[in-house]
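If you're wondering where the values come from, they're calculated on a predicted model, not measured in any experiment.
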Amino acid sequence: MSAHVLAAYRYCEAVTGQQARNFAYGIRLLPAGKRRAMSALYAFSRRVDDIGDGGLPTEAKQSRLEETRELLGRIREGAVDEDDTDPVAVALTHAARRFPIPLGGLDELIDGVLMDVRGHEYETWDDLKLYCRCVAGAIGRLSLGVFGTQPGARQAERAPEYADTLGLALQLTNILRDVREDADNGRTYLPADDLAKFGCSSGFHGPRPPEGADFAGLVHFEVRRARALFAEGYRLLPMLDRRSGACVAAMAGIYRRLLDRIEHEPGAVLRGRVSLPGREKAYVAVRGLSGIDTRHISRNAAGRRA
């Protein structure tokens, strides 16, 4: 690996360490080559997200996103030189040569962020699921390109489906966690059908639920949906090698614990962002590396299949 490529990866790892929060705890468990590739994926994805969340006018955001899509095309074609001045492009080009990463997933991410930029709203779960597949399911499938599946793994052809579903579970958890923050920014992600069912159509703009709303009922309804997605997505774990499985188990485990907290105290998400302390994230990561969570989840998945 050239000095230019190594420096590019170090830049991506620095971005990941500073901004990735939950993601960073998982990829620490990977061997160096896979960890670097995941950092390159994260850094490119972070760039796309930052455009969508930034303060530029809508037209300028759309233009920047299309420029980023053009850069992705150059990366896909291997047309980025090792001494290019864009370290994210250099690192991702190298990673895509080393691993079978389905880069079309980053096109999907750009499509999802464009939905945000255009103020898209979601009437039904099927509508929201399409958005979640773009911004999170695609990341699961991209990550699987780095992880790979173990030789002889049962139903390995379904691994991309399970990776996608696990991404949906994580994204729905994010949506519940950020419901107040998103509302303050003029965004509503939860389906309009669900909001109406629980009397929450007026939105979330304060530390208390809307008058007469069954906010706890809404949260518990969405938590059950997220748990079902986790249960399906966890079928991916037995298909992965030990360290890749530990990485996924750690990241998913952090979000599962976050979901538990939201379920226990639904109103907390209206008062501020619910999060886990660093020591608890580290504990989940250690459990993932030890294989405790992976074995437990695998036994449960086997029981369901039986």
Can you name the nearest heavy-atom pair linking [X] to [Y], along with the distance?
X      : Y      : answer
Leu56  : Lys61  : O-CE, 3.2 Å
Gly78  : Thr93  : CA-CG2, 4.2 Å
Leu229 : Ala169 : CB-CB, 3.7 Å
Cys12  : Val88  : SG-CA, 3.9 Å
Val269 : Pro266 : CG2-O, 3.1 Å
Val146 : Lys34  : O-CE, 3.5 Å

SB check [X] [Y] (cutoff 4.0 Å):
X      : Y      : answer
Asp86  : Arg74  : no
Arg158 : Asp164 : no
Glu13  : Arg10  : no
Asp50  : Arg46  : yes
Lys129 : Asp126 : yes
Arg224 : Glu263 : no

Do side-chain atoms of [X] reach the backbone of [Y] as a donor and acceptor pair under 3.5 angstrom?
X      : Y      : answer
Asp84  : Asp81  : no
Arg187 : Asp182 : no
Ser244 : Leu240 : no

Margin query: By the definition side-chain hydrogen bond (donor to acceptor under 3.5 Å, both in side chains), identify the one residue from His4, His94, Arg35, Arg36 that meets it with Tyr9.
Written below: His94
Notebook entry, point to check: Yes or no on side-chain contact (heavy atoms from CB on, under 4.5 Å) for Leu270 and Phe215, after CA distance, side-chain angles and deciding distance?
Noted result: CA-CA 10 Å; Leu270 296 179; Phe215 181 72; 3.8 Å; yes
Checklist line | Residue pair Leu144, Tyr162: steps toward the side-chain contact (heavy atoms from CB on, under 4.5 Å) verdict | finding: CA-CA 10 Å; Leu144 182 62; Tyr162 295 142; over 6 Å; no
Which distance, rounded to the nearest 0.5 Å, do you find between the [atom1] of [X] and the [atom2] of [Y]?
X      : Y      : atom1 : atom2 : answer
Glu222 : Leu190 : CD    : CG    : 5.0 Å
Cys200 : Leu218 : SG    : CG    : 5.0 Å
Leu176 : Arg261 : CG    : CZ    : 15.5 Å
Leu142 : Ser45  : CG    : OG    : 7.0 Å
Tyr189 : Asp127 : OH    : CG    : 14.5 Å
Leu195 : Thr188 : CG    : OG1   : 7.0 Å

Check whether any side-chain heavy atom of [X] sits under 4.5 Å from a side-chain heavy atom of [Y], and report yes or no.
X      : Y      : answer
Tyr42  : Gln19  : yes
Gln155 : Arg235 : no
Val80  : Leu92  : no
Arg243 : Leu29  : no
Phe44  : Leu72  : yes
Ile175 : Leu128 : yes
Glu108 : Arg141 : yes
Leu114 : Glu66  : yes

Margin query: Around atom CZ of Arg69, are there more than 12 heavy atoms from other residues, nucleotides or ligands closer than 6.0 Å?
Written below: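 Yes, the 6.0 Å shell around CZ holds more than 12 heavy atoms from other groups.
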Notebook entry, point to check: In terms of heavy-atom contacts, does CD of Glu59 have more than 12 from other residues, nucleotides or ligands at under 6.0 Å?
Noted result: no
Check: Will you find, in the side chains of Gln62 and Arg118, an N or O donor that is under 3.5 Å from an N or O acceptor?
Finding: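 The answer is yes; a qualifying pair exists.
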Item checked: Test log, rule ring pair (Phe, Tyr, Trp, His ring centres under 6.0 Å), inputs Phe198 and Phe221 -> CA-CA 10 Å; Phe198 293 95; Phe221 178 79; 5.7 Å; yes
Notebook entry, point to check: What about the rings of Tyr122 and Tyr131, do their centers lie closer together than 6.0 Å?
Noted result: yes
Notebook entry, point to check: Is it true that Phe230 and Tyr255 have ring centroids separated by less than 6.0 Å?
Noted result: no
Note to self: Apply salt bridge (charged side-chain N to carboxylate O under 4.0 Å, His left out) to residues Arg227 and Asp260 and explain how you reach the verdict.
What the structure shows: CA-CA 10 Å; Arg227 289 195 190 285; Asp260 289 343; 2.7 Å; yes
Notebook entry, point to check: Could you walk me through whether Val48 and Leu106 pass the side-chain contact (heavy atoms from CB on, under 4.5 Å) check?
Noted result: CA-CA 9 Å; Val48 174; Leu106 290 170; over 6 Å; no
Item checked: side-chain hydrogen bond (donor to acceptor under 3.5 Å, both in side chains) evaluation trace for Glu232 with Thr165 -> CA-CA 7 Å; Glu232 181 72 8; Thr165 301; 5.7 Å; no
